[in-house]
Amino acid sequence: MVKVKSSSQVVKKEQVQATEAMAEQAYTVPTFRERAPEGMQEYQRMAAHFGRDLVQLQHELHRMKVATKEQVDNIEITREVKGMMPLRKDYPAEVPKAPDFLVSLRSHTVWEKTPVKLFCTVSGKPNPIVKWYRNNVAIEPLSAPGKYKIENKYGVHSLIISRCAVTDSGIYSAVATNPHGKATSKATVCVRRPLGGGELSHLPGQVPLLSGIHPSKLEVTLLESFGVTFGTEGESVSLVANMVVVPDLPNLPPEAMWYRDDTLLMPSRWAEMSIGGGVAKLTLPHLNKDDEGLYTLCIWTKDGTAEHSAYLFVKDATPTVAGAPGAPMDVAVFDVNADYVLVSWKPPNTTHEAPITGYFVDSLYVDVMLKVLFCINKHLIYSCLVYVTIPDPPTNVHATEINKTYIVLNWTPPSPRGRAPVWYLIEKCVGDSHIWQRVNTAVQLRSPRFPVYDMEDKKSYRFRVITVNKYGSSEPSEPTAAIQKVDPYGVVSNIGVPSAPGQVIASRNTKTSAFVQWEPPKHANNLMGYYVDASLVGSKKWFPCNHRPYKHTRFVVHGLVPGDTYVFRVQAVNASGLSEESQDSAPFFIDAALFGAVEYATPSAPYGISLLNCNGSSMTLAWKRPKNTGGSKITSYYLDKREAESVDWKEVNPSPAAHRTFMVENLTTGVFYEFKIQAANLAGVGLPSEPSKAFACEAWTMAEPGPAYDISFWEVRDTFVLVQWKPPVYAGAGPITGYFVDMAKKGSSDFVAVNAEPVGHCYLKVSGLETGASYVFRVRAVNAKDVGKASDVSDPVCAKALPGTKEIVCGVDEETGDIFLNFEACEVSETSKFTWSKSYKEITESSRVSITSSGRNSKLTFVNAEKEDLGIYSVAVTNTDGVSSSYSVNEEELKKMLELSYNIKHPIVPLKTELNYEILEKGHVRFWVQAMKLSSSVNYRFIVNDKAITSAEGYKISHDASTGIIQMTIEHFTKANEGTYTIQIHDGKAKSQSSLVLVGDAFKGALKEAEFQRKEHIRKQGPHFSEYLSFHVTDDCTVMLVCKLANVKKETTFTWFKDDEEIPVDVPPNPMSGSCSLPIPMFSRKDQGIYKAVLGDDHGKDTSVYDISGKVFEDIINAIASIAGSSASDLVLQCTPEGIRLQCYMKYYTEEMKTSWFHRDSKISSSEKMRIGGTSEMAWMQICEPTDKEKGHYTIEIHDGKKSHSRTFDLSGQGNVQMCYMNYLLSVDRGRVVGGLPDVVTIMEKKSLSLTCTVWGDPSPEVTWFKNEQEVVSDDRYKITFEGGKFASLTINNVYVEDSGKYSINVRNKYGGEFVEITVSVYKQGGDIPEPKLGQMAKPAVTPKPATPAPQSVKTPTPPTPTPSVKSPTPTPPPSVKSPTPTPAPKSPTPPRSMRSPTPPRSMRSPTPTK
């Protein structure tokens, strides 16, 4: 290989050769010119005479030679240059280069009406063209003559703004462009107005101030504003905010600015903006997913700015093909070169679609002509001709991007690379094969960056680059490390798809949204953002929450359904694609947030910034925590500062402050500084505080101490409060010896000292406060020199205990014997923590105590309590409204607790119950004892009469550690078991013993009970009563005797007895149903007796006896009275021949019921004047021959043993009672039975029965006889006669048992009638007189609905038109004659029990005959 010399060596050699060629040779005297010595003198004389002229001639000759040579060289060079000019077009003197800012723009803050100059220096080949912009709007100097001046001198570009106005504030940018790329430099210009100028300066990015009507004079109040909005690609969406503007000038509305995330939106065809008429509106006519983000409306107001923000979600449009992915977004072109451009985009989110396998890229050619002026001089060309050499190889060849389809290589151009144009050749080889293959065979690559395609999967490649110019190629560069096409986590850092995000946590926000946050991925790899997905628990279907990558690690998911439970997951996104999904979050129930709204997610602003110390170059600051933490713990604080005369805020601490004090360093002495602070929690950084007052940076040298700080209040009660503070940072000339505390009522500046002598600690309990009053406090520190500066005034505190406040309780653990202090908070939050202190100094790490907290409770446990632990212990609950308490442990109480602790640590087994016994079901006797607690390793033994008992035949011994029960069961309990029983228990260190003496009467009772239970067990082996006889009363007042049966079968028999006589029943009992019942209708005193139920089969027999008498009989009557009294109707008036009758109808009435009548609150006894009685359907009271004295209120009371049921009737409002009676007497012509019929007739079989009575009526009444509600017709056995219109008779010849029943006679004429009932019982010869059969319910006859209305109370003394009282329609009579009356009147059958009395309806008076 031939080594090529460097260009500098060649140039040096050529210069030496040229110098030697141009040098003049020395003159030598010829021989013939030599002089003899004698002639030398003359010669020297002549030479000296002409020497001056000779020297001048020689110099002139040398000059001419040099000039001639230079002229010849120039002619030759010119000729060669002209020959090389065609080559200049193909080989430019310099390599093409994209624009690059050597000197970037710098931000400026200037006063109004002063000029400002922005300048920058930019390089590039060819020379870039620079254009200026303000807030992304091109600056045209001609649009405002004299306002702007743009210059370009010697590569320095400048923009001069003359007489700046406040409206000139903004972001200025210089954009440099040439055919090979574009570069931008930006700077901020802030124009301030002097104080009192009437217009405030503003920071860049905010709304420019208006001219004429300034924003400081406009009051703008936002009313209804846009909320969270959901849209779809291709749709149109409008965001509208209503406002009130004062003054409201139609031609000059307030100026509004719209932002998407942090980008200011400008009006365009894609974003239409309007404001006016109290409405600000932003319309997006054609939504794209790039439009998704947080939209903010900012309007200047009199007090600053009015802002409102809400998120706009844009979901994918319906795909043309089902399952196709959504469109990519944020398409950007970068690395623009003459050879290629790189296009990047953000991948869409995919949830239920198939994974993305690739992309198609389409291009549209746009013809753009750029005019570039090249300037060449001869020096540049000369240098190119003379100094061009072979270039060196490139360096630092590496991959800057690795994708699934290509790898982007980048390298540093060679230096030196000569003056000739260069290009590059790229070679690759597989692994360590050293077989190199040319990559860019068809492309002459001139830029130091190139994407390489066509690589196989799962193979690693190495690359190297060669520099080439017209003179030749360089040596290859150093090869790269092995690189694979797909590398999820990057062989080179920041290359490949990101790793999966970390833990995802969801928390409450609103009732339709959730706050989701997550940990960033470990391998970010040029992260673009995140996609958040959600799924309804149990559905297994995921849906996207955002459709555009979100840059932060927290996101508010909107549009959720209240009451549903969701899980969330997150994917990271970069240019290489999507990461793996994160793990699912815990299921989260959608409900309202703790504080109810989104703005509480971040903390509110800190406040109360104070200066604690200054040494001339640094300041120590303190501040108060935000009043609202946002629902999570505040983790850090960020501080900004500015000089008092500046508007630019500068960050103080790049790393956040963890506490509420901070030393700000690197300050300038004598300068006033202002500060503002922001708090941060898991949700983010909150609002900044108000700027502090200006603090002078001057060293503190005073002798007295500085101010105390961080005044807080604990143990707030109705009459006292504990004030706590932190000592001053600046102590002054000596150590601090104490503190004075001053207080004043809220709103007052009259502070009074609380303590006459200084306290030596940083807390003081202030008592004697007024309940409900608010106070403020301040603290002054004291040293040997003087009392120091007072602290800032505290926040007000109200002297009132929180509802439910509890104090610390001291106790001893019953299990371990440890002494503890326990506190139950009346309120806690999700982020609350319990802070324990001793003497109000926080306990962090201590070997004396241990602290445990759970929920609302926190416990401080002493490890080994001694006198060293005496003192005041306090506890405070963070993130609450001052929940706290304290407790003083003194020597006396400690002694008591130590004694109790000793007893627990050296215990006996505590017994819940002593040794006891019970009789079990089979007659077994169980002896048992229950301890408070037993371990699984407990040991015990039973001793009976000094003899240890073990589990054997007849004895069963066991225990249950979970319940603490130890038991011994004796299966055969006999007289031999009388004596003393003892149990001894050993459980670890604890011991216990319990004894039971079972002798004498106690033993006899136990033995008797055991025998009874043994018999009961035997009884239950066969059919038996699981529930013995009892009674209940049905709704129709029928008494039912019921019992329940067990262990029965089909062959089991069941029999009812009363007084040892079997009770026949119509329907045999069915034991297989599990229960039997005996109905007793119309219960009365005659039903008293001893009832017995007998159950039996071949397995055994069982009997249940029920004595219905005494208390049981009374209970039954009371139960009947309760139902009957509840069903009782109102009292009604009925006129009778004897007078007036008050009637009360009910479901059932019997004289055994406790019924009382009252007249004017006086109880009525039955007499000739006042008769009291009743039927099975009603209770009545008869007033005979009524007079005016009987007027007044009448009341009936039915007592059921628990309460009384009363009904009242007022006779005072019925008119003349005597007149009512006389009017009824006029109607005595109605048909009725005068006498002769008995109530009950008993007759022997085969006798003749004659029922005869006297009737009366005018006209003569019709008579009809009935048997068991069926009409009786005359025949051979039944003979009916009616003689003289007065005597009616029914004769039955040769009666039989079947003739028994209920007979009745119905006597009627046109004025009315009457029913009379007779009960006939026929018995056999020699037999006993029968009684009504039990167990047979009365069978109600099916009768038509009565024609008359239901009885009602009489409201007026005037009776209606007299009509016959008809109970039911009478069936068509047979052809035979029923009575002497020629024309038979309508007949009615004897009414059943459910029918009423034959008296006229209750709603009617006695009918008055027609005159």
Side-chain angles (χ1 to χ4, degrees), residues 1038-1041 1053-1070 1076-1094 1096 1105-1106 1108-1109 1150 1175-1176 1233 1235-1253 1263-1281 1287-1306 1315-1341 1389-1393:
T1038 298
V1039 178
M1040 305 290 293
L1041 296 183
T1053 59
F1054 187 94
T1055 310
W1056 291 100
F1057 294 90
K1058 177 187 177 185
D1059 297 332
D1060 295 329
E1061 292 185 7
E1062 183 177 351
I1063 302 174
V1065 293
D1066 292 340
V1067 179
N1070 181 17
C1076 292
S1077 61
L1078 175 68
I1080 307 177
M1082 303 181 67
F1083 185 86
S1084 62
R1085 193 174 301 279
K1086 63 181 176 58
D1087 297 313
Q1088 294 187 95
I1090 298 176
Y1091 291 78
K1092 182 167 59 176
V1094 179
V1105 179
Y1106 197 61
I1108 299 181
S1109 61
T1150 178
T1175 66
S1176 62
V1233 177
L1237 286 176
D1239 291 335
V1240 178
V1241 175
T1242 303
I1243 188 170
M1244 186 183 297
E1245 191 179 22
K1246 297 182 179 181
K1247 298 278 186 181
S1248 294
L1249 172 65
S1250 178
L1251 301 177
T1252 304
C1253 64
V1263 176
T1264 306
W1265 290 88
F1266 297 89
K1267 175 189 176 185
N1268 294 333
E1269 302 176 2
Q1270 298 296 325
E1271 184 178 355
V1272 178
V1273 181
S1274 291
D1275 56 16
D1276 294 339
R1277 293 188 65 243
Y1278 294 90
K1279 184 178 181 180
I1280 300 174
T1281 60
F1287 304 101
S1289 65
L1290 170 63
T1291 303
I1292 306 174
N1293 297 320
N1294 298 322
V1295 296
Y1296 297 96
V1297 176
E1298 290 78 8
D1299 293 324
S1300 299
K1302 182 185 293 183
Y1303 291 79
S1304 59
I1305 182 173
N1306 185 8
F1315 275 105
V1316 176
E1317 295 180 351
I1318 310 100
T1319 301
V1320 176
S1321 297
V1322 181
Y1323 60 96
K1324 294 183 179 182
Q1325 295 180 2
D1328 297 331
I1329 299 176
E1331 293 183 1
K1333 291 185 179 180
L1334 297 175
Q1336 295 179 347
M1337 297 291 291
K1339 299 178 182 179
T1390 303
R1393 177 182 168 186

Do [X] and [Y] have side chains that get closer than 4.5 Å, going by heavy atoms?
X     : Y     : result
K1092 : D1060 : yes
C1253 : I1305 : yes
V1320 : D1299 : no
I1108 : L1041 : yes
D1087 : S1084 : yes
Y1091 : I1080 : yes

TODO: Check side chain to side chain contact (heavy atoms under 4.5 Å, CB included) between M1244 and all other residues, then give those that pass, not counting sequence neighbours.
DONE: K1247, Y1323, Q1325
- [ ] Under the side chain to side chain contact (heavy atoms under 4.5 Å, CB included) rule, collect the residues that match up with D1275, sequence neighbours excluded.
- [x]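 Partners of D1275 under the side chain to side chain contact (heavy atoms under 4.5 Å, CB included) test: R1277, Y1278.
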Any idea which heavy atoms bring [X] and [Y] closest together, and the distance?
X     : Y     : answer
T1038 : P1079 : CG2-CB, 4.0 Å
L1251 : W1265 : O-CH2, 3.7 Å
S1289 : T1252 : CB-OG1, 3.4 Å
V1241 : L1249 : CG1-CD1, 3.6 Å
V1322 : E1245 : CG1-CA, 3.8 Å
S1248 : N1294 : OG-N, 3.9 Å

Taking atom [atom1] of [X] and atom [atom2] of [Y], what is their separation to the nearest 0.5 Å?
X     : Y     : atom1 : atom2 : answer
S1109 : R1085 : OG    : CZ    : 11.0 Å
I1090 : F1057 : CD1   : CZ    : 14.0 Å
K1267 : I1292 : NZ    : CD1   : 7.0 Å
S1321 : I1243 : OG    : CD1   : 11.0 Å

Open item on the list: Taking atom CG as the centre, does D1276 end up with more than 12 heavy-atom neighbours from other residues, nucleotides or ligands that are less than 6.0 angstrom away?
Closed with: no
Side-chain donor/acceptor of [X] to backbone N/O of [Y], under 3.5 Å:
X     : Y     : answer
T1055 : V1094 : no
D1239 : I1318 : no
S1274 : I1280 : yes

TODO: Output all residues satisfying side chain to side chain donor-acceptor pair (under 3.5 Å) with T1053, sequence neighbours left out; order by chain, then residue number.
DONE: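 In terms of side chain to side chain donor-acceptor pair (under 3.5 Å), with neighbours along the sequence ignored, T1053 is linked to no residue.
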